[in-house]
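Since we're looking at a predicted model, the values are computed, not measured. Residue numbers run from 1 in the order of the sequence given. Only this structure's heavy atoms are used, side chains among them; waters, hydrogens and symmetry mates stay out.
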Amino acid sequence: MTALAENKGTAETEGEEKQPPSPFTIGYERRNSEIIVYGCVFVVLMFAVIGFVTGTYLLLLAALGPAAIAYWHFPMLERHRPQLGANEEGLFVDRIGFLDWAAIRMIDLSKTTVRGNSLIRLNILLNRPLENAVTTGQHTPLWKKFTMRNWKRSKREHGRELIAINLHTLVGDPDEVLSRIRSFKFV
């Protein structure tokens, strides 16, 4: 009788057994950003050359707009810089650091369509303020504090905070990213 119970117990655990969590990181999809950044740099160079050659220095002033756009989008070109990841230490978000798994109340995806483009966000609801949820913070250089980041922070009811991370600008399937995160902590 005990052998049958042991076999039944192992069959149940084998059927319910899930893959162990594996650490991962993902970064920006470069092809989305190269056109914006390199196109703006090209326009800046055109304005600068034409402005100097013709003596129309107002074109140099006009070049500041495309230069600002290229600067804002520059982090999207960083090939080896992870934007999102997960491991045993926590959930990694660029410019925040590692979020403690115990600080995460809920994780889900939200999908919207704007003019035919699918926008997908990973929503992370924290059960405590962001400053208290970070286990290992990340240092951000001063020049990068004025550039685009891939997430937004907003206050929710009862003092909770929501971190919304844009997944449509990152490499990887959003559903797979969610399942890999949930393999560490299903919330």
Side-chain angles (χ1 to χ4, degrees), residues 23-87 89-99 107 109-126 129-131 133-156 161-174 176-178 181:
F24 76 96
T25 60
I26 57 174
Y28 280 115
E29 178 78 42
R30 281 186 59 126
R31 64 187 165 116
N32 292 339
S33 59
E34 287 176 341
I35 294 172
I36 296 170
V37 176
Y38 295 139
C40 286
V41 168
F42 178 73
V43 170
V44 167
L45 291 174
M46 270 188 12
F47 281 2
V49 168
I50 293 170
F52 279 124
V53 169
T54 62
T56 312
Y57 297 109
L58 203 52
L59 281 176
L60 295 176
L61 187 62
L64 292 177
I69 293 171
Y71 174 73
W72 174 258
H73 288 91
F74 182 76
M76 293 180 76
L77 291 180
E78 296 176 319
R79 177 174 288 174
H80 302 292
R81 180 103 175 169
Q83 296 298 310
L84 180 67
N87 65 16
E89 188 178 343
L91 181 65
F92 174 78
V93 180
D94 187 43
R95 298 196 214 177
I96 293 177
F98 282 94
L99 297 173
I107 299 174
L109 291 178
S110 65
K111 299 177 184 181
T112 58
T113 304
V114 177
R115 296 183 188 150
N117 293 327
S118 181
L119 306 176
I120 303 169
R121 286 192 168 173
L122 177 70
N123 297 314
I124 304 167
L125 186 64
L126 302 175
L130 180 61
E131 292 76 21
V134 175
T135 58
T136 306
Q138 183 183 20
H139 173 71
T140 303
L142 181 63
W143 71 269
K144 201 170 186 180
K145 291 187 184 208
F146 304 106
T147 60
M148 183 180 83
R149 63 180 185 211
N150 199 38
W151 54 271
K152 291 184 181 180
R153 174 182 179 185
S154 60
K155 296 275 186 186
R156 301 307 255 192
E161 291 192 51
L162 180 75
I163 308 296
I165 302 168
N166 293 324
L167 291 183
H168 55 273
T169 59
L170 300 179
V171 175
D173 178 44
E176 182 182 339
V177 169
L178 181 62
I181 290 171

Taking salt bridge (charged side-chain N to carboxylate O under 4.0 Å, His left out) as the definition, give me every residue that meets it alongside [X], ordered by chain and number, with sequence neighbours left out.
X: Lys111; result: Asp175
X: Lys155; result: Glu161
X: Glu176; result: none
X: Arg156; result: none

Taking atom [atom1] of [X] and atom [atom2] of [Y], what is their separation to the nearest 0.5 Å?
X: Leu99; Y: Leu91; atom1: CG; atom2: CG; value: 5.5 Å
X: Asp94; Y: Glu78; atom1: CG; atom2: CD; value: 7.5 Å
X: Ile50; Y: Thr56; atom1: CD1; atom2: OG1; value: 9.0 Å
X: Arg30; Y: Thr169; atom1: CZ; atom2: OG1; value: 14.0 Å
X: Ile96; Y: Glu131; atom1: CD1; atom2: CD; value: 9.5 Å
X: Phe52; Y: Tyr57; atom1: CZ; atom2: OH; value: 7.0 Å

Please report the shortest heavy-atom distance between [X] and [Y], naming the atom on each side.
X: Tyr28; Y: Arg149; answer: OH-C, 4.0 Å
X: Pro75; Y: Arg95; answer: CG-NH2, 3.6 Å
X: Cys40; Y: Ala70; answer: CB-CB, 3.8 Å
X: Val37; Y: Phe74; answer: CG2-N, 4.2 Å
X: Asn123; Y: Leu162; answer: CB-CD1, 3.9 Å
X: Pro66; Y: Val43; answer: CG-CG1, 3.7 Å

Exercise for review: Verify side chain to side chain contact (heavy atoms under 4.5 Å, CB included) between Leu84 and Val93, making sure each step is shown before the conclusion.
Suggested key: CA-CA 5 Å; Leu84 180 67; Val93 180; 4.2 Å; yes

**Study point:** Results of side-chain contact (heavy atoms from CB on, under 4.5 Å) for Phe42 - residues two or more places apart only
**Key:** Met46

Practice item. Name all residues meeting the side-chain contact (heavy atoms from CB on, under 4.5 Å) criterion together with Leu61; count only those two or more places apart in sequence or in a different chain, and write none if there are none. Key: Leu58, Leu64

Review point. Just by distance, do the side chain of Asn150 and the backbone of Ile165 share a donor-acceptor pair under 3.5 Å?
Key: no

Exercise for review: Identify the residue among Phe98, Trp151, Phe24 that makes a ring-ring contact (aromatic ring centres under 6.0 Å, His included) with Phe92.
Suggested key: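 When ring-ring contact (aromatic ring centres under 6.0 Å, His included) is applied between Phe92 and each of Phe98, Trp151, Phe24, only Phe98 qualifies.
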
Practice item. Please name the residue in the list Leu167, Leu170, Asn166, Ile163 that meets the side chain to side chain contact (heavy atoms under 4.5 Å, CB included) test with Leu122. Key: Leu167

Practice item. Give me the ring orientation class for Tyr71 and Trp143: parallel if the planes are under 30° apart, tilted from 30 to 60°, perpendicular past 60°. Key: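 Taking Trp143 first and then Tyr71, their aromatic rings sit tilted (interplane angle of 30° to 60°).
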
